[in-house]
Amino acid sequence: MVEHGIHATQAVVTLDVALPGIIWGWMITLNMWAKSVGTGVILVGAFLLYRHKKEEMPNLRWMMPLISFIFLNIFLLFTLTDLHQPYRMINIFLHPHWTSAITVGAWMASLFTGLITLMMVIGFFDAHPDVRKHGACAKAAREHSGLYEKIFPFVVFLAVPVTLYTAIIMAESSARELWQAPTEVMQMMWAALLAGSAGLIFISESWSKESRKDLALVLAIATFFSFMMYMGEYFFSFKSSEAEATLAYVHAGGEYNAEFWFGMVLGFIIPFFLAVSNMKSDNKTLLRFAAILALIGLYLVKDVWLKIPQMLPLS
Amino acid sequence: MKLGFLVDLNLCMGCKGCEVACKVENEVPLSSWRLRVKYIDIGTFPDTSRSFTPLRCNHCENAPCERICPVSALHYLENGIVNVDSARCIGCAGCMMACPYGAIYMDPETNTADKCTYCAHRIESGMMPACVVVCPVQANIFGDVDDDTSHISQYIMEHQGAVQVRKPEKHTNPKHFYVGGGNQTLNPLAHQRLEGYNLFNNVTHLEHVGDPHHGVIDRFLAPFTSHEHLDNKSFMDFDNKAHESHEEEGGH
């Protein structure tokens with residue numbers, strides 16, 4: 001813009017109070033990352049169960065909800081911890097404001113976690129018939145074993161909005177031009193598929209080659225499209241001056257340039273090639289390595305994407 | 001009724017009286033501001049000018065903070081004011097992410113979101129906001145923008161074409177207007193912020209002020225610990241006994 005480039009109109013802030021820095025920091029990054037794993041394992045697990053017989057993945061029935069449960073609780077813990085008034089979280093249920101994606105998301109995530117807990121309990125006691133043979137809870141869980149299969153379709157259906165609602169929170173954050181709903185929604189979905197496939201890779205030791213090949217396929221597709229989405233944003237987000245100014249933090253010389261590219265290489269590029277090579281020749285160690293890198297890279301990229309719009313002065 | 005604000009930047013002389021009055025009236029803690037006046041120097045020597053821009057909540061008709069608040073702590077009053085109920089706020093900071101004007105802050109003493117309310121408590125009693133009363137040049141004009149006969153409506157009519165709002169592209173319909181503003185003063189991306197460069201350097205903050213519940217564990221422990229010294233009055237009742245009196249130090 002020419003009016004900013006000529007000396008006569010150069011404008012410099014000479015007195016202002018300190019502006020708040022990053023408000024949503026690592027706890028929110030961890031929250032989003034953990035939720036990607038928590039919902040992703042369900043989505044990818046459902047895909048595998050659709051493609052393969054249960055017998056090919058013997059531990060999936062109980063390990064899938066267990067992983068989901070653990071990561072959903074990490075997500076909920078850090079959601080709560082990030083609140084400045086954590087005990088007032090109850091107000092979301094007592095005084096809900098339904099135009100807020102935070103409210104809708106909190107309700108859905110709570111319901112989702114409840115159903116996952118139920119699946120985990122049933123799945124665990126079914127898979128371990130010797131554990132607490134006479135316990136009331138174990139007995140009830142085994143008696144209602146069929147409930148698992150009945151609620152599973154609803155859980156898979158619910159996993160989609162639980163994955164995506166954070167994108168709507170970010171889109172409702174209208175001060176942050178970089179977080180646009182269409183791209184954020186897609187990024188969240190790819191992140192869930194990436195994290196879900198990476199999470200399941202760690203329990204796929206005893207699975208059939210074909211099912212592990214499908215895991216590698218999902219990981220390869222998710223890393224490829226995640227990378228493409230970020231590159232699209234990186235190079236072509238020039239529709240708004242705010243988005244452009246935000247991206248300066250990740251472009252060459254920017255404060256977050258190194259972390260961003262570390263995330264891209266570790267999270268997407270290397271795991272993509274490792275996953276593709278694994279589809280040709282099954283190598284469990286390499287696949288696990290790809291999964292670890294993908295999870296680390298995903299965290300770094302999410303962290304950068306969360307923080308950079310908060311660096312921009314709003315007033 | 002739709003209450004609105006207009007600042008005539010041609011009149012504002014940057015005395016910061018409004019800033020101070022706001023702090024006193026609303027007991028805004030140190031390191032936080034509901035209203036602040038920003039100085040911007042435009043041009044290069046010798047053709048330079050300094051502009052002063054008071055910045056506060058815009059009380060948008062389509063407020064993103066109200067929309068994103070999960071518990072309706074941010075809510076509309078009948079007169080159009082976007083008010084905050086700090087007793088309900090959960091401190092998620094969603095409103096801080098949503099407000100395109102950076103007008104909301106996290107109160108370090110209550111750990112809840114806070115912002116300018118156009119002094120809603122004073123308006124309820126038939127008084128003007130503190131910043132309006134204190135302005136020595138009447139640069140702050142406040143009133144009902146729905147009433148064609150109000151001072152603010154007539155001022156807007158008189159200055160048609162020169163009335164601006166901040167970031168109209170956000171479609172928030174702000175009820176805070178400026179006369180005499182320009183791109184450099186109203187667009188935060190049109191001016192530079194040089195790190196560490198300020199008219200007054202070395203601004204320090206008192207150690208005991210700030211977020212006393214900043215640590216994660218502290219947030220959970222806060223309800224069980226005493227808060228008696230964490231309100232604004234704590235600045236007034238510091239312990240004199242521990243020190244020598246003013247007279248003993250040789251003062252008058």
Side-chain angles (χ1 to χ4, degrees), chain A residues 1 3-4 6-20 23-24 27-28 79-106 169-170 172-177 179 240-242 244-245 309-310 312-315, chain B residues 14 31 33 36-44 47 50-51 55 64 66-73 88-94 96-103 105-106 111-113 166 169-170 172 183-185 188-194 197-200 203 213 216 219-220 222-223:
Chain A
M1 285 173 278
E3 70 272 22
H4 304 152
I6 57 176
H7 285 302
T9 56
Q10 265 186 357
V12 179
V13 177
T14 44
L15 182 62
D16 195 11
V17 294
L19 295 169
I23 311 294
W24 280 355
M27 276 195 262
I28 299 291
T79 301
L80 188 71
T81 309
D82 192 62
L83 297 181
H84 285 72
Q85 290 285 353
Y87 295 113
R88 292 191 193 167
M89 176 81 177
I90 193 74
N91 283 352
I92 291 188
F93 301 99
L94 299 178
H95 306 285
H97 186 219
W98 296 109
T99 62
S100 171
I102 299 174
T103 306
V104 178
I169 295 176
M170 294 173 93
E172 279 192 335
S173 302
S174 41
R176 323 291 161 172
E177 199 69 39
W179 301 336
S240 102
S241 53
E242 274 180 52
E244 267 190 88
Q310 299 179 54
L312 218 58
L314 298 173
S315 55
Chain B
S31 309
W33 288 264
R36 58 184 229 266
V37 182
K38 187 164 74 172
Y39 287 20
I40 300 166
D41 289 4
I42 301 166
T44 47
D47 301 316
R50 175 167 293 161
S51 78
L55 300 163
E66 188 273 342
R67 191 166 53 242
I68 203 171
C69 180
V71 293
S72 300
R88 186 178 284 193
C89 175
I90 63 172
C92 67
M96 294 176 76
M97 292 295 127
C99 174
Y101 309 105
Y105 62 93
M106 197 58 69
N111 263 340
T112 57
R166 289 158 68 198
E169 73 278 5
K170 296 283 185 184
T172 54
N183 188 45
Q184 285 105 337
T185 49
L189 296 180
H191 46 250
Q192 282 180 286
R193 276 176 186 275
L194 303 180
Y197 181 72
N198 227 324
L199 275 183
F200 310 113
V203 176
H213 313 129
V216 170
R219 287 180 192 172
F220 285 90

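Letters go in sequence order (proteins before strands), and every chain restarts at 1. Note that the structure is predicted; figures quoted are calculated from it, not measured.
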Problem set entry | Heavy-atom contact with chain A under 4.5 Å, split by part of Phe220(B) | both

Seminar exercise, completed: Closest non-hydrogen contact found for Ile92(A) with Val71(B) is N-CG1, 3.6 Å

Exercise. Heavy-atom distance under 4.5 Å to chain B: side chain of Leu312(A), backbone, both or neither?
Worked result: side chain

For this session: Measure from the side-chain N and O atoms of His84(A) to the backbone N and O of Gly91(B), and report whether any donor-acceptor pair falls under 3.5 Å.
Result: yes

Seminar exercise, completed: When every non-hydrogen atom of Gln10(A) is compared with those of Thr44(B), the smallest separation belongs to OE1-CG2, 3.7 Å

For this session: For the residue pair Ile68(B) and Ser173(A), establish whether any side-chain heavy-atom pair is separated by less than 4.5 Å.
Result: yes

Exercise. Quick one: are Arg50(B) and Thr14(A) in side-chain contact, heavy atoms under 4.5 Å?
Worked result: yes

Seminar exercise, completed: Shortest non-hydrogen pair, Ser315(A) vs Leu55(B), comes out as CB-CD1, 4.0 Å

Problem set entry | Atom pair CG (Leu80(A)) and SG (Cys92(B)), whose distance is rounded to the nearest 0.5 Å | 12.0 Å

Problem set entry | Interface residue of largest heavy-atom contact number with chain A, from His191(B), Met106(B), Arg36(B), under 4.5 Å | Arg36(B)

Exercise. Quick one: of Ser72(B), Ser51(B), Pro64(B), who has the most non-hydrogen atom pairs under 4.5 Å with chain A?
Worked result: Ser72(B)

For this session: May I ask you to name which of Ala245(A), Pro309(A), Pro313(A), Ser100(A) has the most heavy-atom pairs under 4.5 Å with chain B?
Result: Ser100(A)

Exercise. Is chain B contacted by the side chain of Ala101(A), its backbone, both, or neither, given a heavy-atom distance below 4.5 Å?
Worked result: neither

Problem set entry | Check: Gln310(A) and Met97(B) side chains under 4.5 Å, non-hydrogen atoms | yes

For this session: Not counting sequence neighbours, which residues clear side chain to side chain donor-acceptor pair (under 3.5 Å) with Lys170(B)? List them please.
Result: Glu177(A), Glu242(A)

Exercise. What part of Cys99(B) is in contact with chain A, defined as an atom under 4.5 angstrom from a non-hydrogen atom: side chain, backbone, both or neither?
Worked result: backbone

For this session: Compare every heavy atom of Ala11(A) with every heavy atom of Ile40(B), then report the nearest pair and how far apart it is.
Result: CG2-CB, 3.8 Å

Problem set entry | Proximity breakdown for Trp98(A) and chain B, heavy-atom pairs closer than 4.5 Å | neither

Seminar exercise, completed: To the nearest 0.5 Å, atom CG of Asp16(A) lies from atom OH of Tyr39(B) at 11.0 Å

Exercise. Which atom pair, heavy atoms only, marks the closest approach of Trp24(A) to Ala93(B)?
Worked result: NE1-CB, 3.7 Å

Seminar exercise, completed: Bottom line for Met170(A): the part with an atom under 4.5 Å from chain B's heavy atoms is neither

For this session: Tell me yes or no: between the side chains of Arg88(A) and Thr112(B), is some donor less than 3.5 Å from an acceptor?
Result: no

Exercise. Would a 4.5 Å heavy-atom cut-off, applied to side chains only, mark Ser240(A) and Glu169(B) as touching?
Worked result: no

